[in-house]
Enquirer: 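So that we are looking at the same thing, I have put the structure below in structure tokens.
Just so you know, these numbers use all the heavy atoms, side chains as well, and skip hydrogens, waters and symmetry mates. These figures come from a predicted structure and were not determined experimentally.
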Amino acid sequence: MWDKGTVIPFTQLQQQYALCQNEIYRYVQIRHALLTALPADTDVPEASPLEDRLLTDVMLQRATSLTYKKLINNLPDPTLKLRDKWVEEVGDMDDTDRLMALASPREVGISSKFRLVQLKIIHRVYYTRATLHRMQRATHPFCLRGFDLEGFLQTLAMIHAIEAINNSTFLNGIKLGYEIYDTCADVSTALVATMRFLANVNSSGANVESKRNYTDYTPRVKAVIGASNSEESIAVSRLLTLQLMPQISYSSSADILSDIFRFPSFFRSIPSDIFQTKAMASLIQKSGWDWIGMLTTDDEYGRLAVEDFGRQAMNFNVCIAFRETLPSYLADLTIDKRINSVLKVIRDHVKVNVIIVFLKPYLVIKLFQKAIEMEIRKTWIASDNWSASLQVASISNINKVGKVVGFMFKGGNVSSFSQFLENLEKREFEHNRLLDQYSMLLAGCSHVSEQDLYNCISDYTKGNWLYEAPVSQGSLREDFLVASVLPGFVYGTHLAVTALASAIRNLCKYRDCKKPGSFAPWQLLEALKGLSFTDGGKKIMFDSKGDINIGYDLLFWKENQNGSVDIITVAEYDCQGNVFIFKEWKRELEFNSLMDIHSKCSAMCTPGQMKKTSESQHTCCYECVSCPENHYSDQTDMGFCLPCSNRSLWAPVNSSMCFKKKTEYLDWTDGLAVVLLGLTLLGVMLTFIISIIFTRNLNTPVVKSSGGLLCYVILLCLFFSFLSTFFFVGKPTTFQCKSRQLFFGLSFTLCVACILLKSLKILLAFSFDPKLQSILKCLYKPFTIVSTCTGVQVIVCTCWLLFRPPFVTENYSLPKTVILECDEGSNVAFGVMLGYIALLAFICFIFAFRGRKLPENYNEAKFITFGLLIYFIAWITFIPVYLTTFGKYLPAVEMIVILISSFGILCSTFFPKCYIILYKQESNTKSAFLKILYKYSSKSACCVPISKGFEEPRLSVGDTCSKPSIIYTNNNCYFEQKMRASTITTKNRESVPQRKRLCSI
């Protein structure tokens, strides 16, 4: 160790000389001596992690002092020598200093020198570290984590349940015995105790015989109750499975233990963690939280808890912001560093105000103490491990950590156990070391207040009173024990004992079980499977996985008037129905108060919005976007917007409900409809006025030249055409939809057919082409033309109404409005109807255009041509406008076109005649009429050349008319004009041929 003024590190010596790790004890002792004797400027290496631990680790220091004390008290011969050696090596030291060194190595006055002396003396007796470890575990009556009052009460509950069965006739003379071991929440210690259980019945040690077949093997015990935590139970169950020894745990809740293939001999009197995590997820959802943190131990139980809750969180749309782990034991070197790191993570996650904690009570204590220092205040959801821990609840200033909500196994009637505790001091126990410890601790804490008593008992390193107080010196404070009873803890132990007793009773009905070898553990295991029994009038049974699903109690930690914390039951959780059951309405109000706590990654989306997942990997982190048009959300935090259920509903952007669409149509009160109806009435009135004018002047040349009775047919058709526009206004009905097209189509077809007839007459009257005139004479059949033209349209409309008639429909193309309109049924039929009218109009237009050069003031063909041009322009414009227009004004488009067409025919055909009748009466006489015709005939004769090849003889005037006067026949005029010699010169006679004229007048 000493090389030229330098102290060589232990790691170098270990590699050079192949030293064992346990030689670190001697190395530390010698180095301490060297450093004491050598000058201050000696080059000293930095302490290795193990060396540093020997000098600084509190748990190892405590173990060293307690082991040394046990060694001094239990070794008779070397005691005095060891005491003398202590004084010799330590130096000048009084009894007070020595007692402080032995009892409380954490005190400031205890230096590293004292600790090293303790290690040195221990090492002289036990030369290896392994021996020291075993010695400390086997002889030390206290666990390093402190005195577990809950575990102590569970021990008493087991004793009470066994004694109650033994003192009754339940097993008919069979007595149950027990051995209770404190495993200190350590797997290794639990396995040592398990080996003793599995040892042969006649064996006094922990030696288990290795056999291929354990059928006839009789172990020391028939069944095991425990362990208290899942990690121990997993290890113990694997060992007990070798002999199929039944194991019933009262608080190991890991879901993995429900696997009957991996743990066939495991049972438990509580529900699986799968129900606890489901209850937690349900609580979080009902409270409106979705962004939570999670703390677990770095062991199998913690990992399984994270896995179980992760599955439940997905089902309830809950996101875990962070998952942090802490070492399982306080002896871990990194415990303080990890706690500080975890609390930093909690502080950094500002939006996380709810944290689930799957930790053991002593870890929660250390965590909360540090959280109080850092002023971290959150809502903590406690697992069954510590939700009812009075040790945690009695921490100083525990209210500063925030609100604590937890789940505990549902309790039962524990009144008999309370009576048992009240008479505890009167009972005698041969070997109950835990009771002795409790008595000593209680005596040492007699000076503390009532609210600090729990903490004082839990911490057995307060002073030298720890080993000085005998059991008989003080009361056991039964009232304190009764007040500390948590039904959820002790009831599970009671059920475990009752289940074993019921299985033994069923097994021993037909056999004598008073001998140890009367049945094997595997037979008791078979009796437990599917076992059902009654406890307190309630039927209890193991399910197919070996669990008893008694449910959970929801616990709240509430501050009382004294400033301490009371743990109250707010509700019961039904595992099967996934519901919280409240017995008082005040408790339900307390439960609902959790909704006031905000723990969400994103702000709540209001109705009318939906969640849009952001770039985060968590679905709980999102943005709120408005619902699009015709979609809505009626609840908060909806993941999607719902479409309006049918097309008659609509919703604006960011809507929380759908509204009924407004039904619209071209109403009678609409402005445009009023204007168009006014024009319609104007057209009807003009039609009547013209009819009256023509009737009063029926025998005048103008009226006769207009066609006479044929004019009335045209006027009647225009009247119905005007009337058809009334069917386009108002709420559409099936009758309206059918009538409006039928009225217009037939009336306007008849009108165009009559105009076509007039055009043929004009062309026939003024055509000079003999061949064309011959053809026109053959075609000119008035009744046939009108009937045929109109009949075709009748056939088209009839087929339309029979096969694809128009009907009322609702147009949903507009977002907020339903347009009530007429669907034409068959667009083809509608097009054929209009096309047919257009075809007739086009033929009429051709004929009228050819005969447009009539006498002035009587040029009807010219006006017909003009009226048909208006018709064509209107309907050619109608096609694109009709196809591109939608809404309630679509019928108005067709109304406008009908009115334009009707007014065009009415004005161009009848207005000039009425003008002559009313304002040029001198032109409406026979003489004026003949004079105009003569001028037109003379002008036409001068302009017509005579073909040389034309040899057909001309007819004289006498060949056509019998009198040199005008003759009216069927509204056609044949006339003969006698030429006076005085008025017609010889030159004129030679240049103007004799003409015979057939005209339409």
Enquirer: Can you tell me how far CG of Leu421 sits from CG of Leu153, rounded to the nearest 0.5 angstrom?
Expert: 6.5 Å
Enquirer: Just so I know, are the side chains of Thr155 and Thr493 near enough to count as touching, which here means a heavy-atom distance under 4.5 Å?
Expert: no
Enquirer: Looking just at side-chain N and O atoms, do Asp547 and Ser258 make a donor-acceptor pair shorter than 3.5 Å?
Expert: yes
Enquirer: Do Ile548 and Phe267 have side chains that approach each other closer than 4.5 Å (heavy atoms only, starting at C-beta)?
Expert: no
Enquirer: Using 0.5 Å steps for rounding, measure from the CD1 atom of Ile398 to the OG atom of Ser394.
Expert: 8.5 Å
Enquirer: Mind checking the CE-OH spacing from Met408 to Tyr552? Nearest 0.5 Å is all I need.
Expert: 9.5 Å
Enquirer: Kindly indicate whether the side chain of Met158, heavy atoms from C-beta on, has any atom under 4.5 Å from the side chain of Val497.
Expert: yes
Enquirer: Rounded to the nearest 0.5 Å, what separates atom SG in Cys575 from atom NZ in Lys278?
Expert: 8.5 Å
Enquirer: Hey, is the main chain of Asn353 close enough, under 3.5 Å, to the side chain of Ser599 for a donor-acceptor pair?
Expert: yes
Enquirer: Give a yes or no on whether the backbone of Thr241 and the side-chain of Gln247 come within a donor-acceptor separation of less than 3.5 Å.
Expert: no
Enquirer: My understanding is that only residues two or more places apart in sequence, or in another chain, count here; which of them pass salt bridge (Lys or Arg N to Asp or Glu O under 4.0 Å) with Asp298?
Expert: Arg303
Enquirer: Does the gap between the ring centers of Phe417 and His494 come in under 6.0 Å?
Expert: no
Enquirer: Go through Asn317 and Thr619 one step at a time and tell me if the side chain to side chain contact (heavy atoms under 4.5 Å, CB included) criterion holds.
Expert: CA-CA 8 Å; Asn317 296 322; Thr619 58; 5.8 Å; no
Enquirer: So, the side chain of Lys175 versus the backbone of Asn166: is there a donor-acceptor pair under 3.5 Å, distance only?
Expert: yes
Enquirer: What's the separation between atom NZ in Lys222 and atom CE in Met245, rounded to the nearest 0.5 Å?
Expert: 8.0 Å
Enquirer: May I ask you to test the Ile381-Val354 pair for a side-chain heavy-atom distance under 4.5 Å?
Expert: yes
Enquirer: Side chain to side chain contact (heavy atoms under 4.5 Å, CB included), that's the test. Do Thr194 and Tyr181 meet it? Break it down for me.
Expert: CA-CA 9 Å; Thr194 305; Tyr181 290 86; over 6 Å; no
Enquirer: Without swapping roles, check the side chain of Lys378 against the backbone of Val352 for a donor-acceptor pair under 3.5 Å.
Expert: yes
Enquirer: Can you tell me if Ser532 uses its side chain to pair, donor with acceptor, with the backbone of Met541 under 3.5 Å?
Expert: no
Enquirer: Could you check if a side-chain atom of Ile234 sits within less than 4.5 angstrom of a side-chain atom of Leu257, using non-hydrogen atoms only?
Expert: yes
Enquirer: Go through the structure and list residues passing side-chain contact (heavy atoms from CB on, under 4.5 Å) with Asp308, not counting sequence neighbours.
Expert: Asp255, Asp273, Ile274, Thr277, Arg311
Enquirer: For Phe309 and Phe358, I'd like to know if the aromatic rings sit close, meaning centre-to-centre distance below 6.0 Å.
Expert: no
Enquirer: I need the minimum non-hydrogen distance between Ala235 and Leu191, along with the two atoms involved.
Expert: O-CD2, 3.8 Å
Enquirer: Are Val364 and Trp380 side-chain neighbours, meaning at least one heavy-atom pair lies under 4.5 Å?
Expert: no
Enquirer: Relative to the ring of Phe420, is the ring of His160 parallel (under 30°), tilted (30 to 60°) or perpendicular (over 60°)?
Expert: tilted
Enquirer: Checking Glu300 now: which residues fulfil salt bridge (Lys or Arg N to Asp or Glu O under 4.0 Å) with it, not counting sequence neighbours?
Expert: none
Enquirer: Check Lys370 against Leu343 and note the closest heavy-atom contact, atom names and distance.
Expert: CG-CD1, 3.3 Å
Enquirer: Could you please spell out the steps behind the side chain to side chain contact (heavy atoms under 4.5 Å, CB included) verdict for Asp299 and Val187?
Expert: CA-CA 11 Å; Asp299 53 18; Val187 174; over 6 Å; no
Enquirer: Given side chain to side chain contact (heavy atoms under 4.5 Å, CB included), test Ser272 with Lys545 step by step and report yes or no.
Expert: CA-CA 10 Å; Ser272 164; Lys545 296 181 179 180; over 6 Å; no
Enquirer: Tell me whether the rings of Phe591 and Phe580 are parallel (<30°), tilted (30 to 60°) or perpendicular (>60°).
Expert: tilted
Enquirer: Within a reach of under 6.0 Å around CG of Asp512, are more than 12 heavy atoms found that belong to other residues, nucleotides or ligands?
Expert: yes
Enquirer: What verdict does the disulfide (SG to SG under 2.5 Å) test give for Cys621 and Cys319, after you've listed the backbone C-alpha separation in whole Å, the side-chain angles of each residue and the deciding distance to 0.1 Å?
Expert: CA-CA 9 Å; Cys621 299; Cys319 298; over 6 Å; no
Enquirer: Counting N and O atoms only, with roles assigned by atom type, does the side chain of Ser287 sit under 3.5 Å from a partner on the main chain of Ile284, one being a donor and the other an acceptor?
Expert: no
Enquirer: By salt bridge (Lys or Arg N to Asp or Glu O under 4.0 Å), which residues pair with Lys337, not counting sequence neighbours?
Expert: none
Enquirer: Within the structure provided, determine whether Ser518 and Cys508 are in side-chain contact (heavy-atom separation under 4.5 Å).
Expert: no
Enquirer: Can you tell me which residue among Tyr362, Trp557, Trp386 is in a ring pair (Phe, Tyr, Trp, His ring centres under 6.0 Å) with Phe368?
Expert: Trp386
Enquirer: Within this structure, what is the CE-CD distance for the pair Met314 and Gln312, rounded to the nearest 0.5 Å?
Expert: 11.0 Å
Enquirer: Sequence neighbours left out, what passes side-chain contact (heavy atoms from CB on, under 4.5 Å) with Ala503? Give chain and number order.
Expert: Leu524, Ala527, Leu528, Leu531
Enquirer: Just checking, is any N or O donor in the side chain of Thr498 or Asp535 under 3.5 Å from an acceptor N or O on the other one?
Expert: no
Enquirer: Going by side chain to side chain donor-acceptor pair (under 3.5 Å), name the pairs with one or both residues in residues 566-578, residues two or more places apart or in two chains.
Expert: Lys410-Glu572, Asn560-Asp566, Glu572-Lys583, Tyr573-Asn578
Enquirer: Check whether any side-chain heavy atom of Ile292 lies under 4.5 Å from a side-chain heavy atom of Val318, and answer yes or no.
Expert: yes
Enquirer: Short question: side chain of Ser230, backbone of Ala254 - any donor-acceptor pair under 3.5 Å?
Expert: yes
Enquirer: Show the nearest heavy-atom pair for residues Ala223 and Leu500, with the distance to one decimal.
Expert: CB-CD2, 3.6 Å
Enquirer: Is it the case that the side chains of Ser383 and Asn385 hold a donor-acceptor pair, with the cut-off being a distance below 3.5 Å and no angle test?
Expert: no
Enquirer: Has the side chain of Ser249 got a donor or acceptor atom that lies under 3.5 Å from a matching backbone atom of Ala227?
Expert: yes
Enquirer: Counting distance only, does the side-chain N/O of Arg220 pair as donor-acceptor with the main-chain N or O of Arg196 below 3.5 Å?
Expert: yes
